Amino acid sequence: MMTNDLFTFYLSEIEKPFSGWDFSYIQDTGRIHSERLPWCYTSEVLPIFKNTRSVLDMGTGGGEFLEKLQPFPEMLAATEGYPPNVPIAKNRLEPLGVSVHAFEEDDHLPFSDDQFEFIMNKHEAYSPTELKRILTSDGKFITQQVGGSDMLELNRLLGASTETEFEHWNLAYAVNELEDAGFEVFGQEAFPETRFYDVGAIIYYLKAIPWQIPDFSVERYRDALFKIHLKIQEEGYLDIPSSRFIIKARLKG
């Protein structure tokens, strides 16, 4: 296909459906590839998940990840703060016995004091003091987070704003917050690259995470997208730095 025709073809990716937190359309087909992290979130949470009576999964998305961890603990709850994901998570998880809760404020979760022995959290906001309230005295917390500098090079290439309210959000800041709240903390940080093999995968990605570029549309960014398309056609791919960190914490005895 000629370059202009190929670009027009990729623009149609904005119409592809996306639900829950399922990137298989571009990940499983190899159109996007993330550099490996020096840790595995699942390997960290799974042994505790399988040997704990009461667990909370914060930011369950559409429940895709949690569903794979069956059989479940005796008491398992999940939260989701992104409204479009809530009915998807409920439909997937509640028939399996998981209570799914929508929430709006990190510091007001719909749970009792000392309710959970283990809280796991992948890419979801949290309040350290609220974690402390709902964890048991010997409770554990593991989270993988997206740093505030994540994917900002993509914003720059598109000419979008790089200003974000999360510029401060990194491992050091998060560790200090948790330690101030009374946790013992171990953390690790990495800056892997995400490789895009076509501009359509970028369009699909930005549609799925609208907070990256809130005013994103194909029409608004068409010229910049075409420049990225030409760059990928010439070089074969586009690498964008990401930001990730993992924290393992427990309440101080």
Side-chain angles (χ1 to χ4, degrees), residues 1-41 59 61-62 64-65 82 84-85 122-124 144-171 173 188-246:
M1 297 176 72
M2 298 295 289
T3 295
N4 286 344
D5 292 339
L6 189 59
F7 178 63
T8 300
F9 168 79
Y10 284 134
L11 293 185
S12 65
E13 296 297 318
I14 197 71
E15 306 300 331
K16 298 293 182 181
F18 180 85
S19 66
W21 199 240
D22 182 6
F23 287 89
S24 60
Y25 177 70
I26 54 176
Q27 284 184 329
D28 292 357
T29 54
R31 296 169 63 191
I32 180 175
H33 176 76
S34 297
E35 186 180 356
R36 293 182 180 179
L37 293 166
W39 65 80
C40 173
Y41 173 78
E64 301 88 353
F65 172 73
Y82 186 46
N85 285 346
K122 188 174 184 182
H123 302 174
E124 181 63 275
Q144 180 175 296
Q145 289 285 308
V146 178
S149 64
D150 188 69
M151 305 295 284
L152 287 183
E153 181 61 22
L154 187 56
N155 293 51
R156 295 187 186 97
L157 288 173
L158 286 169
S161 173
T162 58
E163 294 184 4
T164 168
E165 61 180 303
F166 304 110
E167 288 181 29
H168 66 284
W169 189 238
N170 57 29
L171 176 62
Y173 187 95
Q188 192 174 359
E189 196 166 28
F191 301 92
E193 291 190 328
T194 298
R195 177 166 292 185
F196 295 91
Y197 288 96
D198 65 73
V199 74
I202 293 174
I203 291 169
Y204 184 87
Y205 178 84
L206 289 173
K207 176 188 176 183
I209 52 167
W211 50 86
Q212 183 72 35
I213 301 179
D215 67 347
F216 178 77
S217 69
V218 164
E219 294 75 18
R220 184 185 298 271
Y221 289 97
R222 186 185 184 98
D223 291 346
L225 286 167
F226 186 64
K227 290 180 181 178
I228 290 176
H229 170 67
L230 294 178
K231 181 177 176 66
I232 294 176
Q233 290 298 293
E234 180 179 351
E235 300 179 7
Y237 55 83
L238 177 68
D239 284 342
I240 303 293
S242 301
S243 173
R244 297 288 186 274
F245 59 90
I246 190 168

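These numbers were taken from a predicted model, which means no experiment stands behind them. For this chain, numbers begin at 1 and follow the sequence in order.
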Any non-hydrogen side-chain atom of Leu154 less than 4.5 Å from a side-chain atom of Thr194?
no
Counting only N and O atoms by type, is there a donor-acceptor contact under 3.5 Å from the side chain of Arg195 to the main-chain atoms of Tyr237?
no
Of the non-hydrogen atoms in Lys16 and Lys207, which two are nearest, and what is the gap between them?
O-NZ, 2.5 Å
Looking only at heavy atoms, which two atoms of Leu157 and Ala224 are closest? And how far apart?
O-CB, 4.1 Å
Are Ile202 and Ile232 close enough, and set up right, to give a side-chain contact (heavy atoms from CB on, under 4.5 Å), and what steps lead you there?
CA-CA 11 Å; Ile202 293 174; Ile232 294 176; 4.2 Å; yes
To the nearest 0.5 angstrom, please state how far the CG atom of Leu230 sits from the CZ atom of Phe7.
8.5 Å
Can you tell me how the ring of Phe65 sits relative to the ring of Tyr41, calling it parallel under 30°, perpendicular over 60° and tilted otherwise?
tilted
Mind listing the closest non-hydrogen atom pair of Gly147 and Phe245 along with its distance?
CA-CE2, 4.2 Å
Can you confirm whether Ile228 sits close enough to Tyr221 that some side-chain heavy atom of one is under 4.5 Å from a side-chain heavy atom of the other?
no
Would you say Glu235 has more than 12 foreign heavy atoms packed within less than 6.0 Å of its CD?
yes
Quick one: are Asn155 and Thr164 in side-chain contact, heavy atoms under 4.5 Å?
no
If you round to the nearest 0.5 Å, how far is CG of Asp150 from CG of Asn170?
13.0 Å
Could you check whether any side-chain N or O of Glu219 sits under 3.5 Å from a backbone N or O of Ser217, counting only pairs where one atom can act as donor and the other as acceptor?
no
After noting the C-alpha distance and the side-chain angles of Glu13 and Tyr25, does the key distance pass the side-chain contact (heavy atoms from CB on, under 4.5 Å) rule?
CA-CA 10 Å; Glu13 296 297 318; Tyr25 177 70; 2.9 Å; yes
Quick one: does Leu6's side chain get under 4.5 Å of His229's, heavy atoms only?
yes
CG/Asp239 to NE2/His33 distance, rounded to the nearest 0.5 angstrom?
9.5 Å
Step by step, work out the side-chain contact (heavy atoms from CB on, under 4.5 Å) result for Tyr82 and Ile209.
CA-CA 11 Å; Tyr82 186 46; Ile209 52 167; over 6 Å; no
How would you list, by chain and number, every residue that makes a side chain to side chain contact (heavy atoms under 4.5 Å, CB included) with Phe191, sequence neighbours excluded?
Ser149, Glu189, Ser243
Does Arg156 pair with Glu153 as a salt bridge, N-O distance under 4.0 Å?
yes
Evaluate side-chain contact (heavy atoms from CB on, under 4.5 Å) for Ile246 paired with Leu37, printing each intermediate quantity in order.
CA-CA 10 Å; Ile246 190 168; Leu37 293 166; over 6 Å; no
Is any side-chain heavy atom of Tyr205 closer than 4.5 Å to one of Met151?
yes
For Ser242 and Arg244, work out which heavy atoms get closest and say how close.
CB-NH1, 4.0 Å
CG/Leu152 to CD1/Ile213 distance, rounded to the nearest 0.5 angstrom?
9.5 Å
Check for me whether the distance between the ring centres of Trp211 and Phe166 falls short of 6.0 Å.
no
Regarding Gln145 and Trp169, do their side chains bring together a donor and an acceptor under 3.5 Å, going by distance alone?
yes
pair Phe226-Val199: side-chain heavy atoms closer than 4.5 Å:
no
So do Tyr10 and Tyr204 actually touch side chain to side chain, heavy atoms under 4.5 Å?
no
Between Ile32 and Phe23, is any pair of side-chain heavy atoms under 4.5 Å apart?
no
So CD of Glu193 and CG of Leu238: to nearest 0.5 Å the spacing works out to 9.5 Å
